[in-house]
Protein chains: 2
Amino acid sequence: MKIGELAQAAQCTVETVRYYEKEGLLPPPARTPANFRQYGTGHVERLRFIRNCRALDMSQEEIRRLLALADQPALGCGAVNEVFDQHIAHVDERIRELEQLKQALGSMRRRCQSEQAVDSCGILHAIAEMESEPRHDRHTHL
Amino acid sequence: MKIGELAQAAQCTVETVRYYEKEGLLPPPARTPANFRQYGTGHVERLRFIRNCRALDMSQEEIRRLLALADQPALGCGAVNEVFDQHIAHVDERIRELEQLKQALGSMRRRCQSEQAVDSCGILHAIAEMESEPRHDRHTHL
DNA sequence: TGACACCCTGAAGCTACTATAGGGTCAACA
DNA sequence: TGTTGACCCTATAGTAGCTTCAGGGTGTCA
């Protein structure tokens with residue numbers, strides 16, 4: 001099958017397919033005499049796997065690890081579970097961060113109930129009065 | 001004050017300061033004869049405001065809107081509240097998305113309790129069996 | 001005079017793609 | 001036979017919000 005069919009089978013665009021090939025997630029397929037990419041069912045499975053991982057918000061790096069593990073049938077799946085558990089932990093952590101953020105935003109929002117001049121807007125004052133802290137870099141991609 | 005002092009006052013790097021200038025969030029300051037940037041207290045306030053907004057996970061676009069509103073003291077703060085409320089809504093929505101994701105990941109995780117060969121790993125099978133859906137693009141930056 | 005901390009510009013790198021430009025291939029139809 | 005249209009190709013640049021790097025200049029102290 002050609003790249004357009006493959007893309008449709010995995011519900012993504014042809015650009016994404018070519019991108020995954022360039023990134024080494026999808027192996028380069030055979031070519032027709034006219035230099036068109038030619039794919040088989042193995043490619044469909046692999047691409048769908050990648051897209052499903054992305055739908056679960058995994059990073060390219062996590063997917064790369066999963067694929068490498070899946071490619072070695074001799075292995076046990078302990079390492080797979082580990083990658084998965086780490087991903088779940090990332091999601092949990094991001095939820096906690098956002099819940100905290102929501103609290104902070106809510107209490108700032110309550111400082112401006114009525115419409116007033118911007119100079120005396122409680123929200124703008126609340127922002128200005130925050131303690132500037134060095135930005136803690138995110139350890140997740142979510 | 002020079003760029004290094006300004007950066008320290010707002011707990012960010014000098015590169016970030018120069019970046020904000022290039023993006024138009026921070027107005028270009030005067031220069032010394034040696035072409036060094038020279039800042040005053042107004043710059044400190046504005047930079048701290050920007051960094052505090054970023055600490056609240058606002059996008060550059062949201063910050064740009066807030067600054068434009070704050071720069072017009074004649075205005076009422078209704079528009080400010082609107083930007084803020086929209087941001088809160090973004091956070092809420094992202095939390096809901098991640099909660100859903102967490103549910104999905106949890107039920108997949110339960111399909112592989114014991115260590116086994118990767119071929120029969122419940123997690124890998126669960127991923128492979130997912131319905132590939134076209135990716136819905138995120139309407140928030142979070 | 002040298003060492004060192006600080007400043008300057010411009011360009012490239014990060015993630016996961018998307019979009020664009022400028023071209024080639026192939027089957028069908030007039 | 002020519003041409004239209006759907007598809008394919010490569011290479012490059014753009015997105016957000018910075019960070020890092022290369023290759024220089026400036027200012028102060030010993």
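As the structure is a prediction and not an experimental result, all values here were calculated from the model.
- Contact annotation: Gln60(A) does not reach the phosphate of dT15(C) (side-chain N/O to OP1 or OP2, under 4.0 Å).
- Considering only side-chain N and O atoms, Arg18(B) lies nowhere under 4.0 angstrom from the phosphate OP1 or OP2 of dT20(D).
- To the nearest angstrom, P of dC17(C) lies 10 Å from CG of Asp57(A).
- Summary of the strand contacts: Thr13(A) and Pro33(A) both lie near DNA chain C, and taking for each the nucleotide with the nearest heavy atom, the more 5' one is attributed to Thr13(A).
- Note: NZ (Lys2(B)) to C1' (dT26(D)) measures 8 Å, nearest angstrom.
- In this structure, Phe36(A) atom CZ and dC26(C) atom P are separated by 6 Å, rounded to whole Å.
- Separating the CD1 atom of Ile3(A) from the P atom of dA6(D) is a distance of 19 Å, rounded to the nearest angstrom.
- Using a 4.0 Å cut-off, some side-chain N or O of Tyr20(B) falls inside it from OP1 or OP2 of dC18(D).
- At whole-Å resolution of the value, CD in Glu15(B) and P in dC21(D) are 10 Å apart.
- Distances shown here put every side-chain N or O of Arg37(A) at or beyond 4.0 Å from the OP1 or OP2 atom of dC8(D).
- Each of Lys22(B) and Arg54(A) was matched to the nucleotide of DNA chain C holding its nearest heavy atom; the match closer to the 5' end belongs to Lys22(B).
- Sequence order on DNA chain D of the closest nucleotides to Gly4(A) and Met58(B) puts Gly4(A) first from the 5' end.
- Put simply, Thr16(B) has a side-chain N or O that comes within less than 4.0 Å of OP1 or OP2 on dT19(D).
- Under the 3.5 Å distance criterion, the side-chain polar atoms of Arg135(B) are matched with a main-chain donor or acceptor of Arg54(A).
- Put simply, the residue from Gln113(A), Arg109(A), Glu115(A) that forms a side-chain contact (heavy atoms from CB on, under 4.5 Å) with Asn81(B) is Arg109(A).
- Remark: the backbone N or O of Asp119(B) is paired with a side-chain donor or acceptor of His125(B) at under 3.5 angstrom.
- The side chain of Arg51(A) lies closest to dC17(C), out of dC9(D), dA16(C), dC17(C).
- Note that the CE atom of Met58(A) and the NE2 atom of His87(A) stand 5.0 Å from one another [nearest 0.5 Å].
- In this structure, CZ of Arg64(B) is placed 11 Å from C1' of dG17(D), rounded to the nearest angstrom.
- For the OP1/OP2 pair of dT10(D) and a distance below 4.0 Å, the side-chain nitrogens and oxygens of Arg31(A) include at least one atom meeting the criterion.
- If you take OH of Tyr19(A) and C1' of dG14(D), they are 14 Å apart, rounded to a whole angstrom.
- Considering only the side chain of Ala34(A), dC26(C) comes nearest among dA16(C), dC26(C), dG17(D).
- In this structure, Leu26(A) atom CG and dA16(C) atom P are separated by 16 Å, rounded to whole Å.
- Side chain of Arg64(B) to backbone of Leu67(B): no donor-acceptor contact under 3.5 angstrom is found.
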